[in-house]
Number of protein chains: 2
Amino acid sequence: MVYLLYNQYNMFTSSEENYLKAIYHLGLVAKKGVSTNAIAKKLDTKASSVTDMVKKLADKKVLIYQKYQGVNLTIEGKKIAALIIRKHRLWEVFLVEKLNFNWDEVHDVAEQLEHIKSPKLIDEIDALLGFPTVDPHGDPIPDKEGEITLRKKVKLSTLKENEETVLLAVKDSSDDFLRYLNKKKIAIGNTIKVIHIEPFDHSTLVQINDVELLITNEVAENLLVKESNAV
Amino acid sequence: MVYLLYNQYNMFTSSEENYLKAIYHLGLVAKKGVSTNAIAKKLDTKASSVTDMVKKLADKKVLIYQKYQGVNLTIEGKKIAALIIRKHRLWEVFLVEKLNFNWDEVHDVAEQLEHIKSPKLIDEIDALLGFPTVDPHGDPIPDKEGEITLRKKVKLSTLKENEETVLLAVKDSSDDFLRYLNKKKIAIGNTIKVIHIEPFDHSTLVQINDVELLITNEVAENLLVKESNAV
DNA sequence: AATAATTTTTAGGCTTATCTAAAAATTATT
DNA sequence: AATAATTTTTAGATAAGCCTAAAAATTATT
């Protein structure tokens with residue numbers, strides 16, 4: 001394969017890429033355009049800075065911007081954002097699988113690595129890892145065209161007693177939560193069976209990796225699992 | 001091991017790091033201070049830009065600058081530069097050994113990766129590679145303290161007939177030369193025996209990997225090998 | 001619907017890293 | 001040693017990405 005030519009997606013600065021990524025994430029849950037303030041909050045910057053950048057990105061045809069109406073990524077913009085997320089998530093898998101990082105340590109480094117420009121590099125990392133489809137948090141990895149295959153996920157708290165499932169992802173990715181999961185040896189892909197749900201506080205006794213464990217409802221709310229699998 | 005604290009070496013921009021690296025390389029062969037023009041040429045920038053940056057780096061105590069007298073790195077500056085070079089060379093080994101890059105493809109990517117800030121990342125890459133001491137071009141990899149162990153190297157052209165040696169490094173790292181070596185299947189670590197030297201043009205018949213090969217004197221001038229090993 | 005609160009934009013500045021053009025210092029040449 | 005050539009520095013500009021403060025537009029509340 002030949003990688004001599006830089007493609008059209010290589011002409012964005014790290015800052016521009018961070019905006020695209022933020023807008024992409026916000027756009028997934030927004031009903032209308034993504035607001036200036038929402039972007040500012042996500043990127044920990046000022047609304048006025050966002051307005052500036054958003055105008056620049058509109059000039060580059062990666063998003064549609066109308067004063068006071070928020071922004072929407074174009075098809076092009078969505079693809080570029082998805083490919084940055086692809087790189088981020090592949091690097092996360094690499095750090096955990098090959099370099100002994102814990103999944104609560106990967107984010108800051110992946111945040112830097114995602115901006116490295118080299119199609120061959122990320123393709124080879126992908127191959128080295130065996131073409132993974134989810135990152136260490138269970139989030140899907142977009143393919144080379146930027147397409148994401150979504151798996152139906154439900155909160156563990158929606159399951160009933162005796163149902164068995166597989167942990168697909170976590171809702172909350174805070175360091176505190178990830179460290180809790182580490183300590184309890186809970187990882188993506190683990191089989192989870194609901195043994196008993198306490199009606200009073202909805203605390204739940206589960207079996208994970210053949211070990212029984214009592215988790216609070218708050219934890220059960222943040223574990224995303226494969227849709228029911230009654231036994 | 002704990003990596004929570006950022007150390008004193010994390011406070012340089014990519015641009016500053018590039019200057020330090022360039023000055024370090026130029027300083028190895030300079031008798032006096034490294035000149036503004038030499039730095040400008042190496043970094044493909046203007047002398048006036050160099051003056052600006054050099055003042056800033058002097059303020060940060062990583063080099064000594066006196067108007068019109070060129071610059072010299074401080075102990076501190078040398079260490080920082082060596083650690084950037086360490087990262088660059090470890091990434092090069094990684095790209096070649098783990099990601100199927102050819103040694104003429106690694107430079108641009110390593111140039112980006114060397115600026116990633118994460119002590120754990122580079123330590124783990126180092127371990128994954130088995131703590132290599134030389135990069136794919138045979139250049140030594142500084143240790144974690146920035147110390148370089150130099151091996152005595154001589155040009156292949158200085159050997160006499162029947163002498164046997166090992167290829168340690170290449171003098172010229174141009175794409176053309178590296179591709180020539182690739183094509184001829186010549187790599188760092190290969191055993192080389194001088195079979196015959198033609199007195200007229202100093203072209204040399206050598207045996208590399210049990211294959212006889214005729215190389216020009218220009219090639220022999222650019223292959224750096226272990227000091228004589230008469231047979 | 002008018003006013004208040006909030007959001008967003010504009011206007012003007014700042015910093016980093018670059019540039020050009022001109023001035024100053026050093027080095028080379030006659 | 002004086003002059004010419006080269007190198008280096010200074011002065012002033014520019015672009016990217018950010019900021020504050022004030023103005024304008026939108027949204028919420030009475």
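By convention in this document, chain letters (A, B, ...) are assigned in the order of the sequence lines, proteins followed by strands, and residues within each chain are numbered from 1.
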Is any side-chain N or O of [X] closer than 4.0 Å to OP1 or OP2 of [N]?
X        : N       : value
Tyr19(B) : dT16(C) : no
Asn37(B) : dT6(D)  : no
Thr45(B) : dC19(C) : yes
Ser15(B) : dT18(C) : yes
Ser49(B) : dC19(C) : yes
Tyr65(A) : dT9(C)  : yes
Lys55(A) : dT10(C) : yes

Once you round it to whole Å, what is the distance between [atom2] of [N] and [atom1] of [X]?
X        : N       : atom1 : atom2 : result
Ile39(B) : dT18(C) : CD1   : C1'   : 16 Å
Tyr68(A) : dT8(C)  : OH    : P     : 10 Å
Glu16(A) : dA15(D) : CD    : P     : 16 Å
Gln69(B) : dT27(C) : CD    : C1'   : 12 Å
Lys41(B) : dT8(D)  : NZ    : P     : 12 Å
Lys46(B) : dT20(C) : NZ    : P     : 5 Å
Gln66(A) : dA25(D) : CD    : P     : 15 Å
Met11(B) : dT16(C) : CE    : P     : 14 Å

Does any non-hydrogen side-chain atom of Val93(A) lie less than 4.5 Å from one of Ile141(A)?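 In contact.
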Once the angle between the rings of His137(B) and Trp103(B) is folded into 0 to 90°, is it parallel (under 30°), tilted (30 to 60°) or perpendicular (over 60°)? parallel
Quick check: Phe94(A) with Phe94(B) (ring centres under 6.0 Å apart)? yes
Looking at Thr133(B), Leu83(B), Ile148(B), Leu90(B), which one forms a side chain to side chain contact (heavy atoms under 4.5 Å, CB included) with Pro142(B)? Ile148(B)
Any donor-acceptor pair, under 3.5 Å, between the side chain of Ser48(B) and the base of dT20(C), if you only look at N and O atoms?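 Such a pair exists between side chain and base.
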For residues Asp135(B) and His88(B), is any side-chain donor paired with an opposing acceptor at under 3.5 Å? no
Pairing donors with acceptors under 3.5 angstrom, does anything connect the side chains of Asp201(B) and Ser203(B)?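 Yes, Ser203(B) and Asp201(B) have a side-chain donor paired with an acceptor closer than 3.5 Å.
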Tell me whether Lys87(A) contacts the main-chain N or O of Ile116(A) through its side chain, where contact means a donor paired with an acceptor under 3.5 Å. yes
Quick one: on DNA chain D, does Lys67(A) or Asp52(A) contact a more 5' nucleotide (nearest heavy atom)?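 In this pair, the answer is Asp52(A).
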Counting runs of three or more consecutive pairs, Watson-Crick or G-U wobble, with each distance below 3.5 Å, where are the stems of DNA chain D?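 In DNA chain D, stems of three or more pairs: C:1-30 with D:1-30.
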